[in-house]
Every structure is written in C-alpha cells, then in structure tokens.
Colleague: 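What follows is a single structure, and I will ask about it in a moment.
Computation of the quantities below employed the complete heavy-atom set of this structure, encompassing side-chain atoms and omitting hydrogens, waters and symmetry-equivalent molecules. Quick note on labels: first sequence line is chain A, next is B, and so on, each numbered from 1.
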2 protein chains.
Amino acid sequence: MSSKARGAASSRSQDPIRKPLDADAVATAAFELFSRQGYNATSLDQVASALGISKAAIYYHHAGKEAILRHGLDAAMAALESMLQEAVFQSTANPPLDRFAYLVRRGSQIGLAHKATVEVLLRLKGNSEIERSLLKRRRAFDAAAAAILREAVTTGDLQAGSNPTVLASLSIGVINTLVEWYRPDRAIPAGELAEVVVRFVMSGLPRTGTERI
Amino acid sequence: MSSKARGAASSRSQDPIRKPLDADAVATAAFELFSRQGYNATSLDQVASALGISKAAIYYHHAGKEAILRHGLDAAMAALESMLQEAVFQSTANPPLDRFAYLVRRGSQIGLAHKATVEVLLRLKGNSEIERSLLKRRRAFDAAAAAILREAVTTGDLQAGSNPTVLASLSIGVINTLVEWYRPDRAIPAGELAEVVVRFVMSGLPRTGTERI
DNA sequence: AATCTGACTTACCAATCGGTAAGGGGTACG
DNA sequence: CGTACCCCTTACCGATTGGTAAGTCAGATT
C-alpha cells in the first residue's frame, strides 16, 4: 500500500466504454449548465461531473473557463452575424420592412436553435475582456438592425417621427425574451413560434377589427 | 505598541461626517452593483467599498448576501403585484385589452423606476430557495397577465386561435428587455418610453397605411 | 460620571473556485 | 517489443468568497 499506487483512469476502465470527448462536446455540456444556472454560478467541477470526467480533463480540451465561454459564444454570434449579412444585403428593391421581418424570423429561429448559447450571450455583463468584446459585437448587431428601420422611416414605410433605435431594441428584445422562457416541450413548436414573433413585431397583439397585411 | 491597539472606527473618524446607513441604503448600493455586474459576480467586499464601509458592517444591516437579495426583490415584486391587482380588478366593464394596456404601461413605468432591482429579478435562475420563491411569484404574475389575454380571446377582442400564454410572455418580454438596455441619459425620457412600449405591444412597428385606434 | 446602545472596525476562518503538476492506461505504429 | 501520443486521472495550490468573533468609539440615557 505504498503511495506509489496512485491509480489513474480507474473510473474510466469501470465505464463500459465511452467515446473520447472533443472541445465541442465539452462546450455543449458546459453551456447547458451555464444557461440553466448562469455562467458565474456554474463551476467547472459541475461541468466535469455532468460529463462524467474530472475537472482537469476539461483543461485538455479548453484553455480555461473563459475559453469555453468564447468557444460557444463565438459560434452563436457568428451564426447571427451571417444571418444579418443576408438580411442587409438582400435586394435593396426589397422593402426595408421585409428585410427586417426576415431578420426577426431568422433571429428567432437561430435563437431557438442555439438556445443555451444565446441565452448566455444575452446575459453577458462585460465582467472580462472576452465578455466586453462579445458585447461589442452584439451592439453592432443591434445597430445594423436599427439601420434597417431607419431606412424604413426614410422610405415612409414606418411613420415619420418613429425612433428606429428604440423600435429595433424592442423588436430584438422580443427575440431575446423568447430564448429565456421557451422550452422545446411546449405546446407550440419552435417553427410556428418564429412566425408568431414576426406577426407580433409587425402588428402587435392580434386584435380583431384592425387591418392585417 | 501592544496588540491591544486594534484601532476600530479609525476610517470613520477620518471621514468628514457621514450619516449612519440603514438596511435600505445598503440594499440600494448592492443592487446598483448587482444589476451592473450580476449577483454572483458581485462580492460583498465590492458592495462595502462602494459604501465606504467594511464588509462586516453589511452584516449589521442584513443577515447575509441572500437577505439583501430578498430585501430588494421583495420590494420590486410587491410593487408589480399591487399594480397587477389594480389591472385585474379594474371595472370588468373595462375591455380586457384596455386592462392589459394598463398593465403594460404601469409595468414599464415600474420597471424603469426600479430598474436595478427589476433587472436582477429578471436574471434569477433559481439557484437557491430564495430565488425559487421569487421565481414562483414571477410566474404567478405572468399567469395573471395571460388570464387577461385569455379573456380577450373569449370576448372576441383578440383573434380566435391566438395563444394567450405566448402573447402574454412576448408582451411582458418587451417590458423586461426594456429594463436591460434603457439608460436614463437616453434621448427619450422614461415617461414617453412607456407609451412607446404600449403602442408597440398593441400595434407592433408603427407602419404607415395600417389602422390605428 | 457611569452605562448602554447603535454603528461600525480589524482580524480571521472554512469552503470553494479556477487552474496546475505530474503521471498512467490504452492503442497505434515502428 | 518499445515508444509515442491521446485522453484522461489524482493531488495539490493560491486566491477569493461569504460569513464570524471580538473589540471600539461616539453619543444618548440615566
């Protein structure tokens, strides 16, 4: 019983078999917890035990906790940004409100598809350099959305005197809030929900006796 | 120079003068930081130094970190709940959509007036018993709002087939998102903003060529 | 003058956290 | 058969955190 017997990998050999993890799998599990408990309230030990590995094993796949954060949020922001490019560079013959509706629809779909990551993205507070750089990208996204609405005011599609920045923030806010309460086991499927969101942003509550387009 | 000389209150006597703090003042300062950095990312040492006191002094006013959380969130939830009572018990002769509009307007005003507390309230994740009890109250609030919309479907004020739960979540979501980006130094004053929110919820983006009521 | 109380202070603690060091089992390849 | 590499382990560390113990000083009360 000398201290030499520092048995390693003992629990792994007890496992039936398990595929080696990769950086993506670790990040996915981490974001599952980040989104449920919050980033700061989630320890790497929790992430490790959710994966059935030791905390140190996480450091084989990622440089640290913040690296995991960046890994996941980079992917989510990239998806949103490429979608924004599509919306912005759609035929300018396309009315700005149509492009905005496209942005809202695709934004909802992406938000729901990347629920865990987007939820964490929305809760960033800028407590580190990484968080601040992500926040900067988020603000650029919001500004681009506002620009489309500003154009809609110029073309007269939106009422003169409207504040495009505020309206863009409210519209995007609807998407954001979506990510926070939607659970896939809900009565309404994600595909339909995106349409409900688009109609809500364009027309508000579906009242009777008001014109619909 | 015996160890007896454990000078106390030394920094206070250096201060010009300072009124004694009370539990509310400590909680207000704490929520200022909670809302900017997040609850978990804010240490009591930060709260203390923002107040110019020692961390231990916080424990004279509050039983602990979670007690501060409860102190502030209890007040915010109470304000929202009493507003909800007003909206619900308004003359039933009042159309449900009018009552809902009232709820959205007052909800926006309260959210903006209690910005720091409400922002923390919205970020709760249920990581402790206190958080879970607050979340329960929040869900009751959402359910009551949904009930008003359900009534509006019954009376035919909302289109048949509408999902009142989803629509209530989207509407309240607009208020929630408001709290996250609004800064009082913005171009638009808080009073106007509440009206913009009401119009947005009732009619969506202010398009030209659509009927307004 | 003596005492009490409100409002703090410094000094400390145990627990937890993110992160590191060092090593070991399994498989592929020479 | 050796050895190299991948993927992971146990054991540990320093820093930070929420929380506590005990002392203190100014001002009100007696």
Colleague: Go through C:dA7, C:dG19, D:dC8 for me and flag the one nearest to the B:P20 side chain.
Modeller: C:dA7
Colleague: The side chain of B:A56 lies closest to which of these nucleotides: D:dG19, C:dG18, C:dT9?
Modeller: C:dT9
Colleague: With respect to the side chain of B:L44, which nucleotide from D:dC7, D:dG18, C:dC8 is positioned closest?
Modeller: D:dG18
Colleague: Grab the CG-P distance between B:L51 and C:dC8 for me, whole Å please.
Modeller: 9 Å
Colleague: Given the rule in the salt bridge (charged side-chain N to carboxylate O under 4.0 Å, His left out) test, do B:R137 and B:D142 qualify, once you have shown the distances and angles that lead to the verdict?
Modeller: CA-CA 9 Å; B:R137 285 167 78 177; B:D142 292 6; over 6 Å; no
Colleague: How close or far is atom P of C:dT5 from atom OH of B:Y60, stated in whole angstroms?
Modeller: 11 Å
Colleague: State which of D:dG18, C:dC8, D:dC8 makes the closest approach to the side chain of B:K65.
Modeller: D:dG18
Colleague: Side chain of A:S54: nearest nucleotide among D:dG18, D:dT9, C:dC8?
Modeller: D:dT9
Colleague: With a cut-off of less than 4.0 Å, is there a side-chain N or O of A:H62 near OP1 or OP2 of C:dG19?
Modeller: no
Colleague: Tabulate atom names and distances for all N/O pairs under 3.5 angstrom spanning the protein and nucleotides 14-16 of chain D.
Modeller:
none

Colleague: From the list D:dT10, D:dG19, C:dG18, which nucleotide is the closest neighbour of the side chain of B:K55?
Modeller: D:dG19
Colleague: Looking only at side-chain N and O atoms, does A:H61 come under 4.0 Å of OP1 or OP2 in D:dC6?
Modeller: no
Colleague: Among A:V174, A:L112, A:T177, which one satisfies side chain to side chain contact (heavy atoms under 4.5 Å, CB included) with A:V197?
Modeller: A:V174
Colleague: Hey, are the side chains of A:L170 and B:L178 touching, using non-hydrogen atoms and a 4.5 Å cut-off?
Modeller: yes
Colleague: Has the side chain of B:H71 got a donor or acceptor atom that lies under 3.5 Å from a matching backbone atom of B:A67?
Modeller: no
Colleague: Using whole Å, what does the distance between atom P of nucleotide D:dC12 and atom CG of A:D45 come to?
Modeller: 16 Å
Colleague: For salt bridge (charged side-chain N to carboxylate O under 4.0 Å, His left out), just list the numbers for A:E151 and A:R99, CA-CA rounded to whole Å, side-chain angles, deciding distance to a tenth of an Å, and then say yes or no.
Modeller: CA-CA 11 Å; A:E151 187 186 336; A:R99 278 177 277 151; 2.8 Å; yes
Colleague: Does A:Y59 place a side-chain N or O at less than 4.0 Å from the phosphate oxygens OP1/OP2 of C:dG19?
Modeller: yes
Colleague: Under 6.0 Å from the CZ atom of A:R70, do we count more than 12 heavy atoms belonging to anything else shown?
Modeller: no
Colleague: In whole Å, I'd like the distance from the CD1 atom of B:I58 to the C1' atom of C:dT10.
Modeller: 15 Å
Colleague: Can you tell me which nucleotide in C:dG19, D:dC7, D:dT9 comes closest to the side chain of A:A57?
Modeller: D:dT9
Colleague: Nearest to the side chain of A:I53, heavy atoms from C-beta on, is which of D:dC6, D:dT9, C:dC8?
Modeller: D:dT9
Colleague: When the distance from CG of A:N40 to C1' of C:dT16 is rounded to whole Å, what number comes out?
Modeller: 14 Å
Colleague: Is the shortest side-chain heavy-atom distance between B:I188 and A:T165 below 4.5 Å?
Modeller: no
Colleague: Starting at CG of B:L21 and ending at P of C:dG6, how long is that distance when rounded to a whole Å?
Modeller: 16 Å
Colleague: Using whole Å, report how far CD of A:Q37 lies from C1' of C:dC17.
Modeller: 14 Å
Colleague: Do you see a donor-acceptor pair shorter than 3.5 Å between the side chains of A:D24 and A:H61?
Modeller: no
Colleague: Using whole Å, report how far CZ of B:F34 lies from C1' of D:dG18.
Modeller: 12 Å
